[in-house]
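One-based numbering, in listed order, for ligands and for the atoms of each.
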Amino acid sequence: MIVPQARDVISSAGVSGDGQATGGAAPRISDLLRAPAGPVDLETMPTSATPGFAGTGKADAQAELASLGDEVALLQEQLFAQGRAGDSRRLLLVLQGMDTSGKGAIVEHVLGSVNPMGVRYHAFARPTIEEREHHFLWRVVRRLPPPGIIGVFDRSHYEDVLVVRVHQLVPPEQWVTRYDVINRFEARLSTTTKVVKCFLHISAEEQRKRLLARLDNPRKWWKYQPGDLDEHARWDDYQLAYADVLCRCNAEAAPWYVVPADRKWYRNWAVSRILVEQLRTMGLVWPTPSGWNPETERARLRELLV
Ligand code: AMP
Ligand code: MG
């Protein structure tokens with residue numbers, strides 16, 4: 001059993017131990033970047049702004065990112081410890097965004113300090129023959145994080161209303177029903193899982209630059225596929241499909257955050273902040289011993305040592 005005890009107070013600009021914004025201090029990034037209720041027009045949503053960042057630029061953000069990384073690591077360890085003690089909770093970070101938006105980079109920069117034992121990362125590619133034979137959520141359910149773990153989805157079930165819709169891989173009457181199916185799935189999921197969905201929002205121009213950077217650097221060729229340019233050509237269709245996702249699947253229990261991602265340093269910083277803020281809302285504590293007493297055990301150990 002887990003008995004709440006005086007919890008570690010981890011200080012970070014403007015956020016108290018229970019995840020609430022403190023008076024007069026910086027607002028929560030989770031509030032600033034939360035997708036609005038109702039229709040979304042991505043063209044009016046900034047890709048290169050830096051909402052809520054009070055520092056002077058990249059160097060400041062990277063310094064803060066390091067301490068945020070330590071906080072994510074500590075909170076994850078508490079989540080893990082509670083999982084061991086029988087708590088069924090976990091967190092799922094869903095990353096969506098156009099190619100080069102930085103979905104993979106988040107794992108390195110935001111979760112790089114976390115004990116690998118506590119993270120399950122999965123990248124969803126084009127479904128295999130076996131996966132295609134099942135319901136579109138089948139492969140997703142198999143990759144959900146167990147208790148105590150932070151799961152990271154690099155792409156997700158949302159591809160089934162994004163690429164599938166843009167390329168008409170199934171008839172419209174089929175994909176159009178999926179928003180409701182996803183909402184019901186995520187509502188069930190949220191009873192045990194803190195669902196955090198980040199849309200990494202880049203501009204078409206920024207993607208063009210990043211694709212070019214991939215072509216210019218042999219170390220980045222492994223990330224490139226000629227098909228990436230065909231997707232780039234369908235930019236507007238994807239933006240509309242994303243706007244629908246943000247509008248139709250944005251429940252309070254499984255919210256979307258729209259992260260301006262043209263500046264990599266802001267993207268990493270903002271996702272770190274969201275993660276820390278959301279972990280804090282879980283009221284994590286260090287579990288107290290069940291079935292043994294530290295005093296008794298200390299006395300036993302002393303006896304063994306003489
Ligand atoms: P990447 O993330 O760059 O390695 O590329 C993975 C590719 O798999 C992308 O082009 C996705 O659109 C594609 N993909 C992921 N999920 C699906 C899906 N459910 N149906 C079709 N293509 C998908
Ligand atoms: Mg790719």
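Ring to ring, F124 and F153 are close: their centroids are under 6.0 angstrom apart. In this structure, Y242 has its ring center under 6.0 Å from that of F199. For W221 and Y224, the distance between ring centers is not under 6.0 angstrom. The six-membered or imidazole ring of F185 lies near that of H157, with a centre-to-centre distance under 6.0 Å.
Among all non-hydrogen protein atoms, the one lying nearest atom 6 (C) of ligand 1 is R155 NE, 3.6 Å. Looking only at protein heavy atoms, the nearest one to atom 22 (N) of ligand 1 is V163 CG1, 3.5 Å. Looking only at heavy atoms of the protein, atom 10 (O) of ligand 1 is closest to R126 NH2, 4.2 Å. Protein heavy atom at the shortest distance from atom 20 (N) of ligand 1 is P127 CD, 3.3 Å. The protein heavy atom nearest to atom 3 (O) of ligand 1 is D99 OD1, 3.3 Å.
Within the set H157, R139, E131, H167, the minimum heavy-atom distance to atom 19 (N) of ligand 1 is found for R139.
Under 4.0 Å from ligand 1, not a single heavy atom of L162 appears. Contacts between V164 and ligand 1, counted as non-hydrogen atom pairs separated by less than 4.0 Å, involve the side chain only.
Just one residue in the list L162, V170, D160 forms a side-chain contact (heavy atoms from CB on, under 4.5 Å) with W175, and that residue is V170.
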